[in-house]
Amino acid sequence: MSFLTLTNASFAYPNGYKAVDRVNMSFNKGESVAIVGQNGAGKTTTVKMMNGLLKPSEGDVVIDGWNTRDYTTAQISRKVGYVFQNPDDQIFHNDVYSEIEFGPRKLGLPEEQVKANVMKAAELAGVVPFLKDNPYNLPYSMRKFVTIASVIAMDSSVIILDEPTAGQDLPAMERLANLIETLNQEGKTIITITHDMEFVVNNFHRVIVMANRQVIADDDKRAIFWNLDVLERAMLKQPHISRLGYSLGIGHNILAIPELADELAKHK
Amino acid sequence: MSIITIKNLSYQYPISESDALKDVSVTIERGKLYALVGANGGGKTTLCNVIRGFIPHFYKGDLRGEVLIEGKDIREWGMGELSQKVGYVFQNPFTQISGVKDNVFEEIAFGLENLGMEPGLIREKVDQVIRMLEIDYLRDKNPFELSGGQKQRVALASIIVMEPDVLVIDEPTSQLDPKGTEEVFKIIELMKNKGKTIILVEHKIELIAEYADYIILLNEGEVAMQGSTREILTDERALTFGAALPQYSLFGMEMRRRGMDLGSIPLTEKEAIEAVKTWMKKGVNA
Amino acid sequence: MNNERSMLSRLYPTTKFMITIALCLAAFIVPGYGFSYAVLPICMVLAYFAGSFKEFSNLAIKALLMIVVFIFILQSFFYPGHDILWSWGIFSIKREGVEFALFLTSKIVAVASAFILFFRITKVKDLVHSLEQIGLPSKVTYVILSTLQLIPEMKKLTLVIMDAQKTRGVETEGKLLVRMKAFLPTLSPLILGSVASTEERVLTLESRAFSANVKKSSIYTLEKTKYDRLVQILLIVLLAILIVWRVAL
């Protein structure tokens with residue numbers, strides 16, 4: 001059954017500018033979904049409607065039976081966690097531990113539970129060595145992991161990551177991949193906005209493509225990355241290996257290196 | 001001819017307990033594009049800051065070894081003087097606008113005004129850069145109201161207009177979407193073709209494979225590997241030092257592992273297509 | 001360049017400032033409170049010709065009304081005096097108090113209107129530019145300009161930080177106390193964020209040769225026109241006449 005549903009949800013700013021236009025999406029528990037599209041396509045506005053930061057100007061957003069109109073973001077934060085694009089907007093404590101601890105404590109969890117959540121989140125995000133450090137002394141990419149940990153610690157059923165891959169290096173990408181998989185296996189729904197198509201190929205099955213304030217495709221990654229019409233409308237490119245397969249005219253569903261090698265082996 | 005020579009450079013930030021750069025020796029040739037790669041925290045930005053003179057002029061700390069820009073030690077260059085020699089563009093589009101100009105044209109002119117250039121000449125140069133970078137449609141906009149990608153291009157224009165010989169560009173695209181990234185790289189390519197020396201920090205390794213002449217791989221403050229782009233990006237050891245390799249190289253390596261060696265490790269899409277085509281032909285003939 | 005801008009708003013900033021000063025001086029030269037109060041409508045007329053009547057009137061009236069009413073109440077009841085006009089219990093309005101309130105508020109109205117007018121019809125950019133021409137160091141003018149530009153940015157940032165805190169379970173909607181409690185934690189990322197971005201902005205400025213040891217030039221120009229001279233002479237003549245008239249009186 002769908003856990004989080006957007007029905008014909010639109011969002012218009014007070015000045016009348018419509019940032020999202022009649023979007024329909026639904027997510028099951030334990031799903032992991034990537035949202036892709038250029039900036040300005042409406043991705044961030046859409047996910048901000050999922051945790052009540054923005055209330056739809058038309059249509060409905062329902063989470064686990066709650067219509068976001070009837071609840072404040074603070075209340076919804078039990079169910080939907082959201083990691084901001086820029087970690088500096090989010091961090092407000094002098095040490096990493098307090099930062100991570102803030103959310104679960106605010107939810108009123110018992111002391112031991114808070115502690116357990118913090119340690120688990122810190123471990124997943126790889127920030128355990130920095131728990132006593134001031135977050136502002138950490139490099140940007142590590143600050144991002146601090147904010148990810150502080151949302152994981154709230155143990156919400158849905159976690160939204162807004163461009164977690166921006167400016168991350170190889171080890172960080174691996175840590176992100178691992179974190180998404182672990183949370184997924186625990187039954188959490190992970191919704192990730194990203195510009196990195198390789199990251200999508202490696203870590204997600206379902207992909208939602210947004211362009212011009214609307215959803216233009218919502219399908220399995222293989223179908224999406226070989227739908228050149230959709231990609232063109234969204235001004236996106238195929239992942240590198242798919243592009244290579246396409247240029248070579250072989251295998252119309254290749255996404256990753258082993259698949260391409262398999263396909264070539266057949267041609268030999 | 002080398003424009004920057006770094007010998008046995010070590011540097012320690014003021015409150016830090018260990019060196020951020022350890023015994024770094026690098027020579028930068030005029031007119032080439034150098035990519036600094038490696039895991040975050042490896043010293044890429046610190047090295048940029050040294051080349052731009054922010055270390056030691058702005059960040060104090062302990063600088064040992066030699067850093068020569070056109071033969072003159074970095075400690076002897078003045079900051080204003082250096083700004084005409086080495087241009088610097090960094091990651092955050094939001095802090096790279098002067099904050100005192102209400103339109104893009106004047107924003108780009110700001111650096112030349114600071115150099116006291118004659119207004120007529122400034123207008124001419126700004127016009128030129130705006131045309132070259134194809135940002136004419138932004139001319140009258142308020143810099144604060146631009147998108148991230150637009151801000152980043154204005155930041156590049158503001159530096160390029162000062163005509164430095166060297167451009168240090170630190171992660172210009174990490175906050176941008178694919179379209180913004182493409183536009184920024186178009187500008188980088190343009191500058192390369194104009195003969196500028198470019199030092200670029202960038203995580204998108206496929207783009208580096210496409211544009212860079214040389215790669216310097218930094219790991220934990222040390223130069224772990226350096227050499228031509230081909231040398232470094234076809235070497236699997238780069239992975240162990242925390243650098244990424246292009247999908248195309250990884251593909252070539254996988255083929256090699258499976259006993260289907262393409263004959264060479266491709267770096268770019270174009271090379272990969274060529275390599276596979278040749279390989280398939282050979283297969284048919286055999 | 002901009003032909004739509006009226007003659008008045010095209011005047012050089014220092015000329016506009018002279019108008020303001022002249023209005024203030026006149027308010028103190030002319031005896032009584034009538035003229036001082038009249039400075040407000042005079043400014044409104046001037047604002048009308050500068051094309052910002054509505055903005056000026058709104059701001060001036062809103063800002064001044066509160067102050068004037070407050071001073072009137074305070075002074076008429078508490079100014080020491082004997083001539084009681086009206087009393088209620090231990091409270092009484094004295095004539096001296098009313099007179100003093102009239103004097104004080106009329107001068108405040110005059111000076112404030114003149115200055116509000118100045119800032120309404122002068123772009124900050126023009127003002128700072130002319131200050132630089134007079135010889136104010138560029139570091140000082142940078143601080144003035146960037147601060148003014150950054151205020152709206154800070155406001156936006158505060159809203160983003162508030163949002164971030166909502167998602168961590170901080171309740172920001174509802175009673176004043178709730179909102180106050182929510183506001184406090186926004187301060188630290190706001191301050192730390194500004195410190196961090198200040199550092200980057202210094203690098204930006206250095207990259208743009210801000211500290212170069214030469215006299216800066218500017219592609220933004222403001223011309224003094226013959227109207228500036230005309231207005232300046234007119235103002236001086238009017239003031240001189242006022243002073244002569246006042247002394248002769």
Side-chain angles (χ1 to χ4, degrees), chain B residues 45 48-49 52-54 57-59 78-103 105-126 142-145 155 158-159 161-162 164 167-168 170, chain C residues 1-2 122-129 131-133 136-157 160-161 190 192-223:
Chain B
T45 295
C48 288
N49 280 334
R52 180 53 190 87
F54 294 142
H57 293 286
F58 180 68
Y59 299 101
M79 285 285 264
E81 191 186 14
L82 206 53
S83 67
Q84 294 163 74
K85 189 54 68 184
V86 185
Y88 185 59
V89 178
F90 52 93
Q91 184 177 8
N92 188 346
F94 300 95
T95 49
Q96 283 190 87
I97 44 181
S98 66
V100 290
K101 300 294 187 179
D102 60 7
N103 65 68
F105 192 91
E106 285 182 27
E107 175 69 27
I108 298 173
F110 181 64
L112 298 180
E113 290 180 337
N114 288 333
L115 291 172
M117 192 179 279
E118 191 264 313
L121 193 58
I122 295 182
R123 286 186 177 281
E124 213 171 284
K125 282 184 187 281
V126 174
N142 186 329
F144 275 107
E145 276 147 28
S158 309
I159 294 301
V161 79
M162 297 170 73
L167 286 168
V168 177
D170 189 359
Chain C
M1 249 189 342
N2 196 343
T122 313
K123 283 201 286 182
V124 180
K125 188 178 171 181
D126 293 353
L127 175 62
V128 169
H129 180 81
L131 288 175
E132 229 167 84
Q133 295 299 314
L136 204 65
S138 54
K139 277 180 189 148
V140 176
T141 53
Y142 180 84
V143 170
I144 298 175
L145 264 181
S146 64
T147 309
L148 286 169
Q149 294 251 27
L150 283 174
I151 289 169
E153 293 304 302
M154 294 280 267
K155 228 166 143 183
K156 272 189 228 163
L157 190 62
V160 176
I161 294 168
L190 197 64
L192 286 170
S194 340
V195 170
S197 59
T198 304
E199 186 180 312
E200 289 190 351
R201 208 172 283 272
V202 170
L203 298 189
T204 300
L205 288 180
E206 287 301 346
S207 303
R208 309 279 208 88
F210 190 69
S211 63
N213 260 333
V214 288
K215 193 178 178 320
K216 296 179 195 314
S217 58
S218 173
I219 58 166
Y220 187 70
T221 47
L222 277 175
E223 297 285 321

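Being a predicted model, the structure only gives us computed values, none of them experimental. In the text below, chain A, chain B and the rest are named by the order of the sequence lines, each starting its count at 1.
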Visitor: Please name the pair of heavy atoms, one in C:A209 and one in B:G80, separated by the smallest distance, quoted to 0.1 Å.
Guide: CB-O, 4.5 Å

Visitor: Which atoms of B:Y88 are under 4.5 Å from chain C, going by heavy atoms: the side chain, the backbone, both sets, or neither?
Guide: both

Visitor: Against chain B, label C:V124 side chain, backbone, both or neither, depending on which of its atoms sit under 4.5 Å from a heavy atom there.
Guide: neither

Visitor: Out of C:I219, C:T204, C:L145, return the one with the most heavy atom pairs under 4.5 angstrom to chain B.
Guide: C:I219

Visitor: Out of C:L203, C:L205, C:V214, C:V128, return the one with the most heavy atom pairs under 4.5 angstrom to chain B.
Guide: C:L203

Visitor: Report the distance from atom OG of C:S207 to atom CZ of B:R52, rounding to the nearest 0.5 Å.
Guide: 5.0 Å

Visitor: Taking only residues two or more places apart in sequence or in another chain, which ones pass side chain to side chain contact (heavy atoms under 4.5 Å, CB included) with B:T95?
Guide: B:F90, B:N92, C:S197, C:E200

Visitor: If we define contacts as heavy-atom pairs under 4.5 Å, which of B:S83, B:G111, B:G116, B:P119 has the most with chain C?
Guide: B:G116

Visitor: Does B:E107 have any side-chain hydrogen bond (donor to acceptor under 3.5 Å, both in side chains) partners at least two apart in sequence or in another chain, and if so, which?
Guide: B:S98, C:R208

Visitor: Is C:K125 close to chain B through its backbone or its side chain, or both, or neither, when contacts mean heavy atoms under 4.5 Å?
Guide: side chain

Visitor: Below 4.5 Å, heavy-atom pairs only: which of B:I159, B:I122, B:I97, B:V89 has the largest tally toward chain C?
Guide: B:I97

Visitor: Enter the distance from B:F54:CZ to C:E199:CD here, rounded to the nearest 0.5 Å.
Guide: 10.5 Å

Visitor: Which value, rounded to the nearest 0.5 Å, describes the distance between B:K101 atom NZ and C:Y220 atom OH?
Guide: 10.0 Å

Visitor: Which distance, rounded to the nearest 0.5 Å, do you find between the CG of B:L115 and the NZ of C:K216?
Guide: 8.5 Å

Visitor: Within the distance-only criterion (no hydrogens, no angle test), does the side chain of C:S217 pair as donor or acceptor with the backbone N or O of B:M117 below 3.5 angstrom?
Guide: yes

Visitor: State the OG-CG distance between C:S218 and B:N114, to the nearest 0.5 angstrom.
Guide: 10.5 Å

Visitor: Please identify, among B:F144, B:F58, B:F105, the residue contributing the most non-hydrogen atom pairs under 4.5 Å to chain C.
Guide: B:F144

Visitor: Where does B:L112 contact chain C at under 4.5 Å (heavy atoms): side chain, backbone, both or neither?
Guide: backbone

Visitor: To check you understand the geometry: which heavy-atom pair defines the closest contact between B:M79 and C:S211, and what is its length?
Guide: CB-OG, 4.0 Å

